[in-house]
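Since the structure comes first, as structure tokens, the remarks are kept for the end.
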Amino acid sequence: MAARTTARPSRSKATTRPPSRRRARPLRIDHTKRWRPRSRKGGRCGYTLDGKTCERSGAHYCEPRADRVVAFFAELLVHPTGPFANQAFVLAPWQEHEIIRPLFGEVHWSDQWGRYVRRYTRGTIVMARKNGKSALLSGIALYMLCGDNEQSAEVYGAAATTKQAGKVFEPCVRMQKRSPLLAARLTHIKNVRRLIDEQTDSFYEIITADADNELGHNPHAFILDEVLSQPDDSLWTAMRTAAGARLQALMLAITTETSDQVSFGAEFIDDADRVMEQPSRAPHHFVFVRKAPRTQDELDRLHRLFPGRPDLPVSIDPWDEANWAWPNPALGTFLGLQSLREEAEEAHTNYKKENGFRQFRLNQRVSQVSRWIPMDLWDMNAREIAPHPGWITARLEGQRCFAGLDLSSKLDLTAWSLLFPDGSMVWRFWAPESTADILDEHTDGKFSEWAADGWITLTDGDTIDYDTIYADVETDHELYRIVDVTYDKWCGEPVRQEIVKRTRLKMVESDTTYSRMTPPMAEFMRGLKAKEYAHYGNPVAWWMADNLECKSPRDDPDRIRPVKPDRGKTGKRIDGMPSMLFAIDGGMRGLPPPSIYESRGMAL
């Protein structure tokens with residue numbers, strides 16, 4: 001196969017960098033400092049194991065509970081395959097302290113059950129392949145089967161095919177056979193791939209990925225391997241909705257990054273990525289996400305989220321060995337460094353192999369599209385939280401600003417943005433009433449709440465009422481001193497003519513191409529990092545910023561443009577972001593020179 005045309009060094013840094021470039025430091029994690037909801041419900045925990053009693057109360061990390069699972073691995077299980085085969089399954093530091101201890105040690109008080117239970121009912125692990133995930137999942141499945149003190153526990157494993165699901169079940173069987181205690185306690189029924197614990201009347205078995213045939217279960221644990229291979233969310237939803245009757249049910253999914261930007265797998269991984277960034281989004285959701293950054297912004301985000309970690313990537317160079325440990329936490333133990341070096345050499349001059357190396361070894365999404373705004377940056381630019389839209393208007397009335405207009409189809413949202421010289425950002429959003437129910441489904445009912453609070457204007461009927469838009473633009477023209485309006489040329493000439501007719505505002509045509517969007521997007525990111533903006537906590541803008549993705553051409557990653565989501569396949573909307581980028585574009589063109597009459601009167 002011919003070499004790629006892109007110029008590259010003849011040898012990768014993987015072969016030229018000295019192996020001891022960066023010393024590995026022991027992993028030290030203070031579990032008591034992990035984020036958790038502030039809750040004082042419940043008295044003293046009192047959980048005791050081997051003479052150690054937890055004295056904490058409220059939502060907390062219970063060390064004896066975590067010790068129990070760690071001891072289960074070390075004392076009852078052995079590694080099923082590989083260089084450590086038949087040796088005691090002593091968890092690696094990253095497995096113990098970043099997955100097992102937080103997943104099983106974090107507890108909170110349950111009013112329903114009147115006792116402390118595990119806080120995490122859902123877990124998502126995203127990391128590169130060949131990092132020992134099958135053995136780890138097998139150990140978790142065995143613990144949930146016979147170590148969790150659950151009577152009649154039902155533990156299920158699933159993947160796209162029963163063969164794939166068997167990759168987690170088969171190590172379980174090997175562990176069971178090689179452990180004297182488990183071999184005596186568990187029965188393996190080979191023809192149906194089931195392990196039975198008669199002592200607690202529990203079982204672990206593999207199920208198919210056909211959700212229509214998987215109703216009626218009552219899972220204590222459900223393990224889904226390789227989410228990226230699932231066609232949709234039907235199986236996950238079926239099993240998750242069936243787990244509500246259990247005391248401490250656990251839904252656990254593990255996967256490598258997907259290459260399909262619009263898929264259940266991509267949405268699943270993106271959701272986990274957002275929870276890693278802001279755990280308060282879903283306090284019940286445990287995430288362990290390890291992906292090599294593709295852009296400098298992604299690298300900066302990692303260093304903000306995990307300050308001081310020695311295994312963090314040092315650059316976005318895929319060929320630098322110093323960047324391989326983050327997506328491959330087992331590098332140097334379960335996963336050999338030399339094999340990665342060999343694959344890197346092969347991928348270095350072969351486009352198809354490079355994609356495979358990036359996706360399966362660096363855990364990168366092989367796509368030109370990526371999520372753009374880190375929400376920690378967005379939150380740092382709130383400045384103050386506005387209680388209602390009118391509060392912002394009162395503060396900015398009479399000031400100069402630049403406007404941006406993104407007029408969507410008659411059946412969806414339209415956005416109008418204003419950017420002020422002090423960085424203040426103001427939006428108006430309009431949508432037909434008919435869209436409210438659809439978007440409520442994707443925002444947990446928040447869309448209608450935003451409309452009721454005045455952040456969105458719903459117009460009667462199934463289509464946008466343009467007269468309402470024109471009237472609101474006229475109102476802002478009277479409230480503020482709008483320098484000009486930058487608008488998407490696809491808005492339509494009749495709209496432009498009507499706005500000019502009513503307001504005499506200067507309208508500047510633009511579009512969402514690379515040439516027009518790269519400068520304002522670069523300026524927007526620079527301003528966010530410098531904390532120069534103030535969005536005042538606008539909830540609709542927050543939602544759209546969270547949904548915003550950007551695209552770069554493969555031959556020039558410095559050029560970017562926003563990507564509008566497929567409205568028919570997702571509930572994502574970003575209209576407020578392109579409109580604000582148009583306003584930023586206007587601001588970059590600069591204010592007109594002040595009139596002499598602003599500083600002195602007219603001479604007669």
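Counting begins at 1 with the first residue of the sequence.
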Between the side chains of [X] and [Y], is a donor N or O closer than 3.5 angstrom to an acceptor N or O?
X: Asp300; Y: Gln296; answer: yes
X: Asp379; Y: Gln278; answer: yes
X: Asp472; Y: Trp430; answer: yes
X: Asp422; Y: Ser424; answer: yes

(request) Locate the shortest heavy-atom distance separating Ile373 from Leu548; write the atom from each residue and the value. (result)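 That would be CD1-CD2, 4.0 Å.
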(request) Identify the heavy atoms of Leu228 and Thr258 that sit nearest to each other, and give their distance. (result)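 Scanning both residues, the minimum pair turns out to be CB-CB, 3.8 Å.
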(request) Please determine if Arg561 forms a cation-pi arrangement with Tyr514, meaning its NZ or CZ atom is less than 6.0 Å from the six-membered ring centre and no more than 45° off the ring axis. (result)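 Yes, cation above the ring, under 6.0 Å and within 45°.
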(message) Looking at Lys529, I'd like to know if its NZ atom is crowded, meaning that more than 12 non-hydrogen atoms belonging to other residues, nucleotides or ligands lie closer than 6.0 Å.
(response)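 Above 12, so yes.
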(request) State whether the number of non-hydrogen atoms from other residues, nucleotides or ligands found under 6.0 Å of Arg40 atom CZ is greater than 12. (result)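 It does not: Arg40 CZ has 12 such atoms or fewer within range.
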(request) Go through Asp488 and Leu407 one step at a time and tell me if the side chain to side chain contact (heavy atoms under 4.5 Å, CB included) criterion holds. (result) CA-CA 7 Å; Asp488 191 338; Leu407 189 69; over 6 Å; no
Verify, without hydrogens or angle tests, whether [X] (side chain) and [Y] (backbone) share a donor-acceptor contact under 3.5 angstrom.
X: Arg294; Y: Arg365; result: yes
X: His535; Y: Trp378; result: yes
X: Asp320; Y: Ile316; result: no
X: Asp575; Y: Thr414; result: no

(message) What's the separation between atom CZ in Arg559 and atom OG1 in Thr513, rounded to the nearest 0.5 Å?
(response)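 These two atoms lie 8.0 Å from each other.
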(message) One pair to check against side chain to side chain contact (heavy atoms under 4.5 Å, CB included): Met588 and Thr486. What are the steps and the verdict?
(response) CA-CA 11 Å; Met588 292 175 69; Thr486 305; over 6 Å; no
Does the ring centre of [Y] sit less than 6.0 Å away from the ring centre of [X]?
X: Phe524; Y: Tyr533; answer: yes
X: Phe268; Y: Trp236; answer: yes
X: Trp416; Y: Tyr487; answer: no
X: Tyr480; Y: Phe420; answer: yes

(message) So if I apply the salt bridge (Lys or Arg N to Asp or Glu O under 4.0 Å) rule between Asp546 and each of Lys572, Arg573, Arg281, which one comes out positive?
(response)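 Testing each of Lys572, Arg573, Arg281 against Asp546, the sole residue satisfying salt bridge (Lys or Arg N to Asp or Glu O under 4.0 Å) is Arg281.
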(request) Please work out whether the ring planes of Tyr536 and Trp391 are parallel, tilted or perpendicular, with thresholds of 30° and 60°. (result)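 Tyr536 vs Trp391 ring planes: perpendicular.
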(request) Would you indicate whether the side-chain heavy atoms of Glu384 and Ile392 approach each other to under 4.5 Å? (result)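 Of all side-chain heavy-atom pairs linking Glu384 with Ile392, none is under 4.5 Å.
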